[in-house]
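Reviewing the structure listed below.
Protein chains get the first letters and strands the later ones, always in sequence-line order, with residue 1 at the start of each.
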Amino acid sequence: MILRKISRRLKDMQTTIIMVVALCFVLSTPLLIAMGLGYKSMALFREVPILNLIFNSVWEPASGNFGFLAYIISSVLITLLAILIAGPVCLFTAIYLTQYARRAVMRFMQPVIDILAGIPSVVYGVWGILVIVPLVSERLAPYFNVQSTGYTLITGAVVLSVMIIPFILNILLEIFRTLPIELSEATLSLGATKWEVIKHVLMRKAKPGIISAFGLGISRAFGETMAVLMVAGNVAKMPHGIFDPVYPLPALIANNYGEMMSIPLYDSALMVAALFLFLSVITFNAVSRIAIYRLEKKL
Amino acid sequence: MTLNNTIVNEKIQIRDLNLHIGQQHILKDINCRIPEKKITVILGSSGCGKTTLLKSLNRLTDLYPQVKINGSVELNGQNIYNGIKDINDLRRKMGLLSQRPAPLPMNIFNNVAYGLRISGRTSKKFLRYRVEHYLKQANLWEEVKDRLSAPASSLSIGQQQRLCLARGLAVDPEIILADEPTSALDPISSQTIENRFLELKNYYTIILVTHALRQAKRIADYIIFMYLGEIIEQGEASEFFLHPKHDLTKAYLRGSFN
């Protein structure tokens, strides 16, 4: 009897310890990444002031010029464009599927969305090269009287938007599904039309969720590497329009790490790029969390 | 089934109403009249179809795609399931008070003003006057007059329910549909709502769904007693409580309902 009691208590302790260890592992990963990146970046930071890295667009590693501006602008622009395309598409799709569509449509769409989310990044890249690149170079660019190879900012943004759509859409669907039906009933009872219910009440109630969905989409888009690298052109110059090639930060790292390491400070520069990415994603998260917190207080 | 002949002005007449959700038969051959400017209580235990009956009166049942309805519901002599032009207008005639208050995600003032705004009444002076008027009618004005721009969710649940009442009254309905409006409230808030109903019945037709026998005794003029989707007995409240006819009614009144 007593033995059994002790063994049960030991088991209890044992499982607790396992859980705490697992938690520590999860917690320590971002910390270790940040420390590693910071440590490796120091070499470059010691040589060049950080503001000179950020606000300089000349990238000539061989002569010691490490200006990240073109990369940063590329990343920001391609992410913004992608979310501008994906955001409204996801919002309207989510509203239609949860408020208008029959259940059968929803049941059909759910696996489609999951498949879209599961397609490997490189496949999206190939699809971009086969479909979007010729579309841009042969149709879209000539329409605006521009000469273009098709490997451009807009190509990357379109491919990227398709990639983040399933992620944003899944979150939005969950949010709209969990809105209480009493809210719709109450608003309809005041004489509102269906669209008025959606626009004035449901969208407003769902706003914190919509922001967090878009925030997650932005984080994902910002760090997406493979597909973007395949279609965005990878030219380290400031883009002047949507038909110019861009070179986002993740592509810079993926294309060059392991090569040209003989150039002094080059590996440190790539770590700085990774650090920028890391910090940006953290900042996005923080900003959208603050926005959500503020909004929830107002509702 | 006894249809009381003393009802002179009937507001709503329900004829042979049957409602299915998928394969389930939720409402069975509902026939009843609802008198104008009286409190009609739909009484029954949980799951007997009271709420569904209430929602079928302003066609909120349209929100549920699996629902199938046969029969007719006549409001002022016009069947709402056949040839009604403006469903929003129909719903606006019936203020809804649900079990748990569902304040709109806006501030207190806008909650009451919303229904007026969407019907095109946007003059600020008019809105301010009406909001104050209806918040007073719902007995809430004194508590919120200094914080009209605070979010409605910051109110207590009893206050929220009174806000929902003010919001419903503000669009000038003819009927108030109340679905167990006091079940989530503390006794004092419940009493406030009940007392309001007793005053409001001079101007509105009130239909109240409840399972609380004592509440029905306190405020009902007319009772519709339901069990498993059927109307078992209906009539004047005094008659219903003093001389129940059906065995199920007698059992329910005794409190020995299984």
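Of the two parts of B:P103, only the backbone, made up of N, CA, C and O, holds a non-hydrogen atom closer than 4.5 Å to a non-hydrogen atom of chain A. Of the atoms belonging to A:R102, not a single heavy atom falls under 4.5 Å from chain B. Looking at B:D89, neither its backbone nor its side chain comes within 4.5 Å of chain A, counting heavy atoms on both sides. Neither the backbone nor the side chain of B:Q99 comes within contact range of chain A; no heavy atom of the residue lies under 4.5 Å from a heavy atom of that chain. When heavy atoms are compared at a cutoff of 4.5 Å, B:R59 does not approach chain A at all. When heavy atoms are compared at a cutoff of 4.5 Å, A:K207 does not approach chain B at all.
Counting heavy-atom pairs closer than 4.5 Å to chain B, the top-ranked of the candidates A:L183, A:L202, A:L188 is A:L188. Ranked by heavy-atom pairs under 4.5 Å with chain A, the first of B:L60, B:L96, B:V171, B:N58 is B:L60. With chain B as partner, the option from A:Q99, A:K194, A:K297, A:H200 having the largest number of non-hydrogen pairs under 4.5 angstrom is A:H200. Looking only at heavy-atom pairs under 4.5 Å with chain A, the residue among B:A150, B:P65, B:P105, B:C164 that has the most is B:P105. When each of B:K93, B:R91, B:M94, B:Q66 is scored by its heavy-atom pairs under 4.5 Å with chain A, the top score falls to B:R91.
In this structure, OG in B:S72 is found 12.5 Å from CD1 in B:I30, a value given to the nearest 0.5 Å.
Scored by the side-chain hydrogen bond (donor to acceptor under 3.5 Å, both in side chains) test, A:E185 finds B:K55, B:Y64 as partners (sequence neighbours excluded).
B:L75 places a side-chain heavy atom less than 4.5 Å from the side chain of B:I175. In this structure, the side chains of B:T61 and B:Y81 come closer than 4.5 Å at one or more pairs of heavy atoms.
At a cut-off of 3.5 Å, with distance as the only test, no side-chain donor of A:T187 or A:E196 sits close to an acceptor on the other residue.
In summary, B:K11 and B:E174 engage in a salt bridge, as defined by a charged side-chain N under 4.0 Å from a carboxylate O. Taking the charged nitrogens against the carboxylate oxygens, B:E132 and B:R128 have no contact shorter than 4.0 Å, which rules out a salt bridge.
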